[in-house]
There are 2 protein chains.
Amino acid sequence: MSETTDTRRGRPGYDQRAVLDVAVDAFNEYGYDATSMGVLAERLGLSKSAIYHHFAAKEDILELALDEALTALENVLAAANELEAGQPDAPASDRLAAVLRGAVNVLVDKLPSVTLLLRVRGNTDVERRALARRRAFDRAVASLVVEARDEGSLRSDIEPGIVARLLFGMINSIVEWYRPGGPVDAATLADDVLAVALDGLRTPK
Amino acid sequence: MSETTDTRRGRPGYDQRAVLDVAVDAFNEYGYDATSMGVLAERLGLSKSAIYHHFAAKEDILELALDEALTALENVLAAANELEAGQPDAPASDRLAAVLRGAVNVLVDKLPSVTLLLRVRGNTDVERRALARRRAFDRAVASLVVEARDEGSLRSDIEPGIVARLLFGMINSIVEWYRPGGPVDAATLADDVLAVALDGLRTPK
DNA sequence: GTCTATATTGAGATAGAC
DNA sequence: GTCTATCTCAATATAGAC
């Protein structure tokens, strides 16, 4: 323990990470555009100008948060692809399940930044770049769904594009209600999502 | 045909409905807060002040749109309850299915206003009132899920609260990608949603 | 129903001291 | 790393003519 158990160093005042966390929470509560630097300053107990010591612009805060969320999601895909490299004959449905479980874990683990990501509209360059990365992720998942259906693991009576969208619609909606420390833990949640997605809600006969 | 086949009357200029439709589309594209009256005026080909002839304030546009979406959703619940009054011994799962199908239809039918509703954060009184009505709707659906599970129609190994949230997360996500006139029609979409929700994605064995 | 001003507020951001 | 001013611009909304 070379420093302290705290994540901050230096002593008084904030570091960039601490400002980021407070800001992202506020962005998620009010929406990015509706959150003024004034409100941020209030929440931090700082003046507005102090924030500019940590970030050159409001949008830089957004950019850092979005990058964190996107990197985490992209890592889930990368991990699933390594799984394929290790076992070339494993069914695509295994990789798909790994991606879904991984995505739920990222949602829970990086809840604030992923929540922010899912609400981006594309009004600025920063937002459009984030949307492009998100679409690439979505496309990769969609082709996993196609693979799984083609090998016979998933039902073929519904268009795979719709399946992928409904699937991720369900998963992404978790950010609307899941709160860490609540009654549901991440592993149970991932199990429930997989169960509902694969087997549905009807009573197993 | 007493007037014209057009929905507008009066002749030149806009009526409130036409302004509303253009505004809601812009709100959904940029987000409500990020949409200025100036952009609205540009899209309408009007001056900013002309808009104030139709709505006293920007937020009044939002309020009218949210009310439209909420009324349509509440009518779905009311219709399902009348179904119960007519056939008191019908299973709750029938009413639940009616509500889900009805909700998908409302989403498709009133796509712009429902999209707007689903993105409201609660920053103002207007938004908070809308959120309260939406939560009442969600609670009603959640208790339908409980009823359906208690009568044995739905699996009981997952908490009904989570089931209801995942279910509506999937349905609500439709607004993120569904576009009228596209390859998928509303009835097919409702069928697909019900099929995925009830029976899951796995290949039926 | 629409226009051209204009009033007024609040936003993001900067300067420069401590 | 934070502060007190202050700049600048864009936003909502109003006044009053056509």
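Just so we're on the same page: letters track the sequence lines, and every chain starts at 1.
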Q: Can you tell me how far C1' of C:dG12 sits from NE2 of A:His53, to the nearest Å?
A: 19 Å

Q: Let me know the distance between CG of A:Asp15 and P of D:dG1, rounded to the nearest Å.
A: 8 Å

Q: Nearest-Å distance, CG (A:Leu46) to C1' (D:dA5)?
A: 17 Å

Q: Under 4.0 Å between a Lys/Arg side-chain N and an Asp/Glu carboxylate O for B:Arg121 and B:Glu127?
A: no

Q: State, to 0.1 Å, how close A:Ser47 and A:Ala41 come at their nearest heavy-atom pair, and which atoms those are.
A: C-CB, 3.7 Å

Q: Working to the nearest 0.5 angstrom, can you tell me the gap between B:Ser173 OG and A:Asn172 CG?
A: 8.0 Å

Q: Using the side-chain heavy atoms of A:Lys48, tell me which of these nucleotides is nearest: C:dT2, C:dG12, D:dT12.
A: C:dG12

Q: Is there a donor-acceptor pair under 3.5 Å between the side chain of B:Asp60 and the backbone N or O of B:Phe55?
A: no

Q: What is the distance, rounded to the nearest whole Å, between atom OH of A:Tyr14 and atom C1' of D:dT2?
A: 12 Å

Q: May I have the distance from A:Leu62 (atom CG) to C:dA13 (atom P), rounded to whole angstrom?
A: 12 Å

Q: Rounded to whole Å, how long is the line connecting atom CD1 of B:Ile51 with atom C1' of C:dT2?
A: 12 Å

Q: Evaluate the side-chain proximity of B:Arg149 to A:Leu201: yes if any heavy-atom separation is below 4.5 Å, no if none is.
A: no

Q: In whole angstrom, what separates B:Tyr52's OH from C:dA5's C1'?
A: 15 Å

Q: Give me the residues of residues 20-37 of chain B where at least one heavy atom lies under 4.0 Å from an atom of DNA chain D, by number, or none.
A: B:Thr35, B:Ser36, B:Met37

Q: Would B:Lys58 and B:Tyr32 count as a cation-pi pair here, with the cationic atom under 6.0 angstrom from the ring centre and within 45° of the axis?
A: yes

Q: Rounded to whole Å, please give me the gap between CD in A:Glu59 and C1' in C:dA11.
A: 15 Å

Q: Which of these, B:Leu100, B:Leu154, B:Val193, sits in a side-chain contact (heavy atoms from CB on, under 4.5 Å) with B:Leu167?
A: B:Leu100

Q: Counting heavy atoms from C-beta on, name the nucleotide in C:dC3, D:dA5, C:dG1 closest to the side chain of B:His54.
A: C:dG1

Q: Choosing from C:dA5, C:dA15, C:dA13, which nucleotide comes nearest the side chain of B:Ser49?
A: C:dA5

